[in-house]
Amino acid sequence: MGTFYVTTPIYYVNAAPHMGHAYTTIAADVMARHHRQRGDDVFFLTGVDEHGEPVANAAEALGVTPQALADQNAERFRALMPRLNASIDFFIRTTDAEHKAKVQEVMGRVKENGFVYKGHYEGWYCPRCADFKSEAEIEDGNRCPIHHIELTMEKEENWFFRLSAFQERLEQLYADRPDWVGPRHRANEALSFIKGGLQDVSLSRAKLTWGVSVPWDEEHVFYVWFDALLNYYTALSYAKPGEDLTDRFWPPAQQVIGKDILKFHAVFWPALLMAADLPLPQRLYIHGYLMMDGDKMSKSLGNVLDPFTIMDRFGTDALRHYVLRDVTFGQDGNVSTVAFEGRYEAELANGLGNLASRSIAMVRKYRDGVVPAVEPELREDFDGLADEVAALIDRAELTPAIELVWERVRRLNRYVEETTPWALAKDEGSADRLDVVLATLVEGVRVVAVLLSPVLPETTEKLLAALGAPDVAYERATLTAGAVSHVDALAPLFPKDLPAAATA
RNA sequence: GGCUGGGUAGCUCAGCUGGUUAGAGCGCACGACUCAUAAUCGUGAGGUCGGGGGUUCGAGUCCCCCCCCAGCUACCA
């Protein structure tokens, strides 16, 4: 029992919600649900990042205010959460007044602590974009990658964050806490970046107005990522009306991000927190990318996977299961509709769905739905399982954790073949034996359902309801005689006779 | 270029500090069974463990060289 504060990145409202957003959110949600099972005091945060130039530019192009555009787009992300069955506790928007005030407060402290100074940023500037371009994105001949016009070297006065002051402390952080960033190779990546020598970074922009204004210099707004990163901290102060949750949950136990924002979270973020005298997150986990174009994006090859299409047709649980199962969490991997359909049918429908189906059917058929209150078998297969799963999830190894449970699904299907309950049912003298087999089967299914409930919240709820044992508390994830006394009929959890996909 | 990962059965991948005939899932072939969503279970097919060299009684598992893939190498949100 403890507290568990988990976060996703805040999603940038300028893009439409896509698989990547769904993926991160699902992973964090599985962790949040798992910890609730364990009785932890959980807070799960997600939200949107609304400031910055792309939004300002897009709004201008549409002839609306940035706020109006942000309002509209933020809603799409907010709507994604119930859609994914993400059990979030709060949805932060960086345009929230409370967030902005808190950012100003924290940054004020950073300045008081002496980590802010006035300097000037110099770089290649595109007048059409009204933005500086990084070295990497400049085209040959110093041209803008978007407008292909020549860039000019310009200088802008702005405030700087003394990142270089944290060089040693960050190196020490990685030395002292090798597991604070996972997987390991991501920590290496961050560390090598740090060891390459940290330079100060600009903290404000004068040319922009769409952002959080710098309290000590109203002509500037904070550069987006300061504003964005601090959401993890600011949210706690106002997520619950009338109560500041900061002391209760800070720092985060687990932050989940995609590899594209590693540097911000593994380097700038801890430095910023140090500068503000705030405790650092316990653990940051970087997942990989779900790739759909490993063999070129091609609809005819069936390798384009759209999360909404999947959810519409197969249900949210099927998507949740697939993305965590088919690609090892933490690595890059390919996903496709073909692979999805294979897993749906083989694992969800034929594996777990059919196991539940046959188990319940036999109890109803042979025992009128009454589960014999006898000691179940298969102890050797289930003892210690819950602890192993928990240990893996604590290390963000979601894919292996799920695999452990799936081994038991296969074990139970094998158990049915080994014990041939249909044969026992024909023999009066085997009644006791059949009792044991049925009790074991139902109990095994129940334990599997409890362990899978974070991944498959909807279907396991239905299944556990049919078993009359809805409690998913983690200590229930162990074989217990008499945990289920009666079973009800259950419609297929993962039906196969689904309507054909609506072709777009 | 440098750094970090990775290249193992058709596919997706396990293989910790080196040790009997290299494993799993899916797919495929054959067989068994019938409780179940025509589901399930068993058996099998034999992959030079990227290539070469080396250390060792013995190497996917350590060392060296090479090839290929991905990521990172600072201000994209």
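Each chain gets a letter, A, B and so on, in the order the sequences are listed, and its residues count up from 1.
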**Complete:** Pairing partner of B/G31, by Watson-Crick or G-U wobble and under 3.5 Å for both distances, is B/C41

**Asked** Rounded to whole angstroms, how far apart are CG on A/Leu412 and P on B/C41?
**Response** 11 Å

**Request:** Look through every strand shown and name the nucleotide pairing with B/G58 as Watson-Crick or G-U wobble, where both distances are under 3.5 Å.
**Result:** none

**Complete:** Between CG of A/Asp200 and C1' of B/C75 the distance, given in whole Å, is 12 Å

**Asked** Touch check for A/Ile360, heavy atoms < 4.0 angstrom, all strands: base, sugar-phosphate only, or nothing?
**Response** nothing

**Asked** When all nucleic acid strands are considered with a 4.0 Å heavy-atom cut-off, which category describes A/Trp406: base, sugar-phosphate, or nothing?
**Response** nothing

**Complete:** Separation of B/C76 atom P from A/Ile257 atom CD1, nearest Å, is 17 Å

**Message:** For A/Glu50 and A/Trp210, which I'm curious about, is there any donor-acceptor pair between the side chains at under 3.5 Å?
**Reply:** no

**Item:** Length of the CG-P vector between A/Leu163 and B/A74, whole Å
**Value:** 13 Å

**Item:** A/Leu467 side chain near A/Ile360 side chain, heavy-atom distance below 4.5 Å
**Value:** yes

**Request:** Return the 5'-most residue of the pair A/Ile10, A/Lys259 with respect to RNA chain B, ranking by each residue's nearest nucleotide.
**Result:** A/Lys259

**Request:** Measure from NZ or CZ of A/Lys118 to the centre of the six-membered ring of A/Phe160, then state whether that distance is under 6.0 Å and the direction lies within 45° of the axis.
**Result:** no

**Asked** Can A/Tyr117 and A/Asp200 be counted as having a side-chain donor-acceptor contact under 3.5 angstrom?
**Response** yes

Check the interface with nucleotides 3-9 of chain B: list each N/O to N/O pair with the protein under 3.5 Å, or write none.
residue, atom, partner, partner atom, Å
B/U4, O3', A/Asn188, ND2, 3.4

Between the protein and nucleotides 33-38 of chain B, which nitrogen or oxygen pairs are less than 3.5 angstrom apart?
residue, atom, partner, partner atom, Å
B/C35, O4', A/Tyr366, OH, 3.2
B/C35, O2, A/Arg358, NE, 3.1
B/C35, N3, A/Arg358, NE, 3.4
B/C35, N3, A/Arg358, NH2, 2.6
B/C35, N4, A/Arg358, NH2, 3.0
B/C35, N4, A/Glu417, OE2, 3.3
B/A36, O2', A/Asn354, OD1, 2.6
B/A36, O2', A/Ser357, OG, 3.3
B/A36, N1, A/Arg358, NH2, 3.4
B/A36, N3, A/Asn354, ND2, 3.0
B/A36, N3, A/Arg358, NE, 3.3
B/U37, O2, A/Phe494, O, 3.4
B/U37, N3, A/Phe494, O, 3.0
B/U37, O4, A/Leu493, N, 3.1
B/U37, O4, A/Phe494, N, 3.1

**Asked** Has A/Lys263 got a side-chain N or O lying under 4.0 Å from the OP1 or OP2 atom of B/U73?
**Response** yes

Can you check nucleotides 11-18 of chain B for protein contacts, nitrogen or oxygen pairs under 3.5 Å, and list what you find?
residue, atom, partner, partner atom, Å
B/A14, OP1, A/Gln331, NE2, 3.2

**Message:** Under a plain distance cut-off of 3.5 Å, with no hydrogens placed, do A/His265 and A/Tyr232 share a side-chain donor-acceptor pair?
**Reply:** yes

**Asked** What does B/A24 pair with, Watson-Crick or G-U, if both distances are under 3.5 Å?
**Response** B/U12

**Asked** Is A/Met362 close to A/Val437 at the side-chain level, that is, under 4.5 Å between some pair of heavy atoms?
**Response** no

**Message:** Counting only heavy atoms from other residues, nucleotides and ligands, does the tally under 6.0 Å from CD of A/Glu461 exceed 12?
**Reply:** no

**Prompt:** Would a distance-only check, ignoring hydrogens and angles, find a side-chain to backbone donor-acceptor pair under 3.5 Å from A/Ser204 to A/Trp159?
**Reply:** yes

**Message:** Suppose you measure atom C1' in B/A9 against the same atom in B/C28; what distance do you get, rounded to whole Å?
**Reply:** 12 Å

**Asked** In terms of side-chain heavy atoms, does A/Glu168 have a donor or acceptor partner in A/Gln172 at a distance below 3.5 Å?
**Response** no

**C1' spacing across the pair B/G10 / B/G18, given as an integer number of angstrom** = 30 Å

**Asked** Atom CG of A/Leu262 and atom C1' of B/A70: how far apart are they, to the nearest Å?
**Response** 15 Å

**Item:** Heavy-atom closest pair, residues A/His21 and A/Ala16
**Value:** CE1-O, 3.5 Å

**Asked** Any side-chain donor-acceptor pair under 3.5 Å between A/Thr94 and A/His99?
**Response** no

**Request:** Could you classify B/G60 for me, syn or anti, using a glycosidic angle within 90° of 0 as syn?
**Result:** syn

**5'-most by nearest nucleotide on RNA chain B - A/His265 or A/Leu198** = A/Leu198

**Fill in**
Here the distance between atom C1' of B/C76 and atom CH2 of A/Trp225, to the nearest Å, is 14 Å

**Asked** So, do A/Leu198 and A/Phe193 sit near enough that their side-chain heavy atoms are less than 4.5 Å apart?
**Response** yes

**Atom-pair distance (CD on A/Gln167; C1' on B/A74), nearest Å** = 13 Å

